[in-house]
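Before any comments, here is the structure.
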Amino acid sequence: MGSRDYLFKVLVIGDREVGKTSLVQRYVNDKFSKHYKSTVGVDFAVKVIQRSDTETVRLQLWDIAGQERFASMTRIYYKEASGCFIVFDVMNPTTLNNSLKWKQDLDSKVIRADGSPVPCMLLANKCDLSPWEVTHESIDQFSIKNGFAGWVETSAKDNKNINEAASALIEKMVMQP
Ligand code: GTP
Ligand code: MG
């Protein structure tokens, strides 16, 4: 059997300060900083995953500034994306509500050949903090109602569930026709 290489463009979107850059930096460089430095435009990172003996997955991560939802550049950034993470902050319910706006922006601009939306995982970030300002049940309902592929609680600070979230998204992207 021959080897197989996948290349996926993955968007990381969501409101300002929810931890998108922190998640990407933890995932790619295993680093975390508690100091906030807002992203300007978009940052890029690449993660290579050996999925099996014969399969390599290359994720091209597009870490997009939260403020870009108001800047109308997203259509350009989203072009030919294979998958998406929408991130919110469990300490800030507004960022969960705004995840719907991000999802609608995504689904209006990225449509696959068969007309279906790209797989999108919802990340409940900063799960190391407590008590959360949102309930598991409300996230469950939000995720199902709005067509997410699923949701995962993550912490860039404690390196929790980032690999798991990526694996789940990769499974969805690999299954795409
Ligand atoms: P923009 O680039 O402005 O859109 O923000 P962003 O979503 O990229 O947020 P960023 O990763 O810069 O993080 C914002 C702040 O949240 C920083 O002070 C981080 O240290 C903090 N932060 C990020 N992830 C976590 C986390 O998992 N736990 C905790 N406690 N803090 C976090
Ligand atoms: Mg950022």
Side-chain angles (χ1 to χ4, degrees), residues 8-47 49 59-79 81-110 118-136 138-140 142-143 146 148-170:
F8 296 123
K9 173 176 173 178
V10 173
L11 307 171
V12 185
I13 57 179
D15 277 1
R16 296 180 71 237
E17 226 175 321
V18 294
K20 299 176 296 297
T21 300
S22 302
L23 287 166
V24 170
Q25 288 310 311
R26 172 63 85 188
Y27 186 47
V28 173
N29 297 318
D30 201 15
K31 284 194 177 126
F32 177 78
S33 163
K34 62 180 173 27
H35 302 292
Y36 173 47
K37 187 169 165 289
S38 63
T39 304
V40 178
V42 58
D43 279 341
F44 303 97
V46 172
K47 175 87 174 179
I49 299 130
L59 297 183
Q60 196 181 77
L61 298 159
W62 288 52
D63 167 18
I64 295 169
Q67 61 197 23
E68 288 294 321
R69 189 160 61 81
F70 306 100
S72 74
M73 283 292 284
T74 55
R75 186 181 296 279
I76 293 162
Y77 295 148
Y78 293 176
K79 211 167 182 298
S82 300
C84 181
F85 292 117
I86 295 181
V87 185
F88 74 96
D89 174 352
V90 296
M91 304 307 280
N92 184 346
T94 304
T95 65
L96 174 58
N97 288 330
N98 285 343
S99 296
L100 178 55
K101 297 200 172 121
W102 284 102
K103 181 79 165 57
Q104 289 169 339
D105 191 45
L106 174 76
D107 290 346
S108 69
K109 292 172 182 170
V110 190
V118 293
C120 181
M121 297 276 305
L122 182 64
L123 303 186
N125 193 42
K126 310 195 188 183
C127 74
D128 54 283
L129 300 173
S130 68
W132 291 16
E133 295 292 334
V134 290
T135 63
H136 279 75
S138 67
I139 306 170
D140 263 340
F142 184 92
S143 168
N146 298 310
F148 287 88
W151 74 275
V152 184
E153 58 177 86
T154 58
S155 169
K157 181 164 181 272
D158 292 353
N159 196 9
K160 188 166 175 216
N161 279 346
I162 307 173
N163 286 301
E164 288 77 0
S167 296
L169 186 64
I170 288 167

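Whatever order the structure lists them in is the order used to number ligands and atoms, beginning at 1. Only a predicted model underlies this, so the values are computations on that prediction, with no experimental measurement involved. We count residues from 1, following the sequence as given.
- Considering Thr39, Val24, Asp128 only, the shortest heavy-atom separation from atom 2 (O) of ligand 1 involves Thr39.
- Interface atoms of ligand 1 facing Ala65, defined by a heavy-atom separation under 4.0 Å, are 4 (O).
- Remark: minimum distance from atom 12 (O) of ligand 1 to any protein heavy atom is reached at Tyr36 CD1, 3.3 Å.
- When only non-hydrogen protein atoms are considered, atom 5 (O) of ligand 1 lies nearest to Glu17 N, 2.9 Å.
- Both the backbone and the side chain of Ser155 come within 4.0 Å of ligand 1, counting heavy atoms alone.
- Atom 18 (O) of ligand 1 has as its closest protein heavy atom Lys34 O, 2.9 Å.
- Considering Gly19, Ser22, Gly66 only, the shortest heavy-atom separation from atom 19 (C) of ligand 1 involves Ser22.
- With a 4.0 Å heavy-atom cut-off, ligand 1 is reached by the side chain of Leu129 but not by its N, CA, C or O.
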Leu23/Thr154 under side-chain contact (heavy atoms from CB on, under 4.5 Å): CA gap, chis, key distance, verdict | CA-CA 8 Å; Leu23 287 166; Thr154 58; 3.8 Å; yes
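- A side-chain N or O of Asp63 and one of Thr21 form a donor-acceptor pair less than 3.5 Å apart.
- Proximity of Ser33 to ligand 1, defined as any heavy-atom pair under 4.0 Å, is confined to the backbone N, CA, C and O atoms.
- Considering only non-hydrogen protein atoms, atom 27 (O) of ligand 1 sits nearest to Ala156 N, 2.8 Å.
- Of all the atoms in ligand 1, the ones that sit under 4.0 Å from a non-hydrogen atom of Ser38 are 2 (O), 3 (O).
- By the 6.0 Å contact criterion, NZ on Lys109 is enclosed, its count of non-hydrogen atoms from other residues, nucleotides or ligands being greater than 12.
- In terms of modelled atom types and a separation under 3.5 Å, the side chain of Thr95 and the main chain of Asp89 share a donor-acceptor contact.
- Residue pairs meeting the salt bridge (charged side-chain N to carboxylate O under 4.0 Å, His left out) criterion with at least one member in residues 155-167, sequence neighbours excluded, are Glu153-Lys160.
- Of the inter-residue distances, the one linking Ser82 atom OG with Leu11 atom CG reads 9.0 Å to the nearest 0.5 angstrom.
- In this structure a side-chain-to-backbone donor-acceptor pair under 3.5 Å is missing from Asn146 to Leu100.
- Formation of a donor-acceptor pair under 3.5 Å by the Lys20 side chain with backbone atoms of Gly14 is found in this model.
- Which parts of ligand 1 touch Val18 is read off a 4.0 Å heavy-atom cut-off, strictly below it: atoms 7 (O), 9 (O).
- Taking all atoms of both residues into account, the shortest heavy-atom contact from Met121 to Val152 is CE-CG2, 3.4 Å.
- No donor-acceptor pair under 3.5 Å is formed between the side chain of Ser143 and the backbone N or O of Ile139.
- Heavy atoms of Asn125 found under 4.0 angstrom from ligand 1 belong exclusively to the side chain.
- Angle subtended at the Mg ion (ligand 2) by Thr21 OG1 and Thr39 OG1: 90°, rounded to 10 degrees.
- Closest heavy-atom approach to atom 4 (O) of ligand 1 within the set Arg26, Lys126, Lys20: this belongs to Lys20.
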